[in-house]
Chemist: 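Input: one structure, supplied below.
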2 protein chains.
Amino acid sequence: MDKRERLIESTRELLWERGYVGTSPKAIQERSGAGQGSMYHHFQGKSELALAAIGRSADDLRAKAEAEFSGPGSVVERITVYLRRERDVLKGCPVGRLAQDPDVMADAELRKPVEEYFGWLTGRLAELLDEGRAAGELDQALDPLATATALVAALQGGYILARAAGSPDVFAKAVDGALGLLTTKET
Amino acid sequence: MDKRERLIESTRELLWERGYVGTSPKAIQERSGAGQGSMYHHFQGKSELALAAIGRSADDLRAKAEAEFSGPGSVVERITVYLRRERDVLKGCPVGRLAQDPDVMADAELRKPVEEYFGWLTGRLAELLDEGRAAGELDQALDPLATATALVAALQGGYILARAAGSPDVFAKAVDGALGLLTTKET
DNA sequence: GTCTATAGGGCGATAGAC
DNA sequence: GTCTATCGCCCTATAGAC
């Protein structure tokens, strides 16, 4: 792995662990094993590096989710697979945590990939729910977009509650609760 | 309002806006109108000041929620009042955002009020749901604790999605979705 | 490409005058 | 109680040698 690559990967890790405000160029250099000169040769500065890192993290999450959404099984089964996938719960969502970061939200460029990721995820889940409703798998009264938004929110909030409690079990409880509500709407 | 009070209130605001990592003693002093000496006279340092601020924010949220939980109406009505209460959505949850902060979670003292707040909130909602189930207001198959956790998570995640989208409407959608799932479980 | 040196400013805290 | 002065260190970035 070349230095440029190591810089991006180290930035992804640090953004995940400490957020944008909590991540310094110095820390990135130390973790990546690259020096000042190397970093500023490949990137203009902290924000440009962060942009590359955030974009890559969002793309990763999108690919993983899409693989589950387009996999085998009924709609409810596919959503269950997605919701119950093994996660690094106590580290939180690598993209979601950036939405809390004031300096990320204040910069239109940095914010764009975050906004797009959640827009895509919610929309894709809404499509699935709609498909499940059309197939008679789900309650006809169910609102696909609102339900999709609630499911994504339950995941993101699950991360927060798990971190607050210091236990991944709370995340699992949130998913259980959301799925419990959804699946009693199966027909 | 004396200086000590202003220091605590300014810290609450800054923690809400920028988190612990993003809040400096200097910024607190500027916002409160207190100088270095004043701040370090009343508090040992940044973390002690944050502790006072976090505790107060958690107490506030608890009191507001309890007023709604113990108000008039059926269980579903009271939960709806709580979920739909007017909020500063784009600013996020003053306590929930701290769960993302690495330096808060790393300090047992700072983390305690965050953990306790969410423990209380989830437990209290679970009691309500249990009450509603006993009264025949909700589906007998509903798991009170898991559902309560999912509802709190939907709120916390709603804040995140709204910030990511730059619009409070997304928060409302998440609440709609959660309530939609819950209320079709009414009997 | 990568390194070291350096810069100007902020960080979190302490000291001591008033 | 509150102020100003000062500290040692880190922040983000630039310059220029190799």
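A, B, ... follow the sequence lines: proteins, then strands. Residue 1 opens every chain.
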Chemist: Using heavy atoms to find the nearest nucleotide of DNA chain C for A:Gly33 and B:Gly37 separately, return the residue whose nucleotide is more 5′.
Modeler: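 Here A:Gly33 is the residue nearer the 5' end.
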Chemist: With a 4.0 Å cut-off on N to O distance, would you call B:Arg56 and B:Glu9 a salt bridge?
Modeler: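 Judged by the 4.0 Å cut-off on N to carboxylate O distance, B:Arg56 and B:Glu9 do form a salt bridge.
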Chemist: Please determine, for the side chain of B:Lys3, which listed nucleotide (C:dA13, C:dT2, D:dC3) has the closest atom?
Modeler: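 From the listed options, D:dC3 comes nearest.
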Chemist: Send over the distance from B:Arg18 CZ to C:dG10 P, rounded to a whole Å.
Modeler: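 Between P of C:dG10 and CZ of B:Arg18: 14 Å.
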Chemist: Among the candidates D:dT14, C:dG1, D:dT6, find the nucleotide nearest to the side-chain atoms of A:Tyr40.
Modeler: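 Taking heavy atoms from C-beta onward, the closest nucleotide is D:dT14.
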Chemist: Among C:dG12, C:dC11, D:dC3, which nucleotide has an atom closest to any side-chain atom of B:Lys26?
Modeler: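 The answer is C:dC11, which lies nearest to the side chain.
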Chemist: B:Asp2 or A:Val21: which one's nearest nucleotide on DNA chain D is closer to the 5' end?
Modeler: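 Result: B:Asp2.
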Chemist: Once you round it to whole Å, what is the distance between P of D:dC11 and CD1 of A:Ile28?
Modeler: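 The distance from CD1 of A:Ile28 to P of D:dC11 comes to 11 Å, rounded to the nearest Å.
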Chemist: Using only side-chain N and O atoms of B:Ser24, determine if any of them is under 4.0 Å from OP1 or OP2 of C:dC11.
Modeler: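 B:Ser24 to C:dC11 OP1/OP2: side-chain N or O found under 4.0 Å.
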Chemist: Rounded to whole Å, how long is the line connecting atom CE of B:Met39 with atom C1' of D:dC3?
Modeler: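 Nearest whole value for this atom pair: 15 Å.
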Chemist: From D:dT6, D:dT2, D:dT12, pick the nucleotide closest to the side chain of B:Gln36?
Modeler: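 For the B:Gln36 side chain, the nearest candidate turns out to be D:dT6.
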Chemist: For the pair made of CZ in A:Phe43 and P in D:dT14, what is the distance, rounded to whole Å?
Modeler: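 A:Phe43 atom CZ is separated from D:dT14 atom P by 15 Å.
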Chemist: Given atom CG of A:Asp103 and atom C1' of D:dC11, what is their separation to the nearest angstrom?
Modeler: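 Between C1' of D:dC11 and CG of A:Asp103: 13 Å.
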Chemist: In plain terms, say whether B:Arg84 and B:Asp176 are close enough for a salt bridge, that is, a side-chain N and a carboxylate O under 4.0 Å apart.
Modeler: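 Answer for the salt bridge query: yes.
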Chemist: Are B:Arg62 and B:Asp59 within salt-bridge range, i.e. N to O under 4.0 Å?
Modeler: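 Yes, B:Arg62 and B:Asp59 are salt-bridged.
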Chemist: Measure the distance from CG on A:Leu14 to P on D:dC10 and round it to the nearest whole Å.
Modeler: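 Checked: the CG to P distance equals 16 Å.
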Chemist: Is the shortest side-chain N to carboxylate O distance from B:Arg78 to B:Glu68 below 4.0 Å?
Modeler: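 Judged by the 4.0 Å cut-off on N to carboxylate O distance, B:Arg78 and B:Glu68 do not form a salt bridge.
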Chemist: What nucleotide among D:dT2, C:dA13, D:dT14 has an atom nearest to a side-chain atom of B:His41?
Modeler: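 In terms of side-chain proximity for B:His41, the closest of D:dT2, C:dA13, D:dT14 is D:dT2.
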Chemist: Would you mind telling me which of D:dC3, C:dT2, C:dT4 lies closest to the side-chain atoms of A:Ser38?
Modeler: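 Among D:dC3, C:dT2, C:dT4, the one nearest the side chain of A:Ser38 is C:dT2.
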Chemist: I want to confirm an ordering. Mapping A:Gln44 and A:Ala27 to their closest nucleotides on DNA chain D, which one lands closer to the 5' end?
Modeler: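 On the 5' side of the pair lies A:Ala27.
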Chemist: Determine, for A:Tyr20 and A:Lys46, whether the Lys NZ or Arg CZ falls below 6.0 Å from the six-membered ring centre while staying within 45 degrees of the axis.
Modeler: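 Checked: cation-pi criterion met.
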Chemist: Send over the distance from A:Glu30 CD to D:dC10 C1', rounded to a whole Å.
Modeler: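 Going from A:Glu30 (CD) to D:dC10 (C1'), I get 11 Å.
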Chemist: Starting at atom NZ of A:Lys46, determine the distance to atom C1' of D:dC10, rounded to an integer number of angstrom.
Modeler: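 Spelled out: NZ on A:Lys46 to C1' on D:dC10 is 12 Å.
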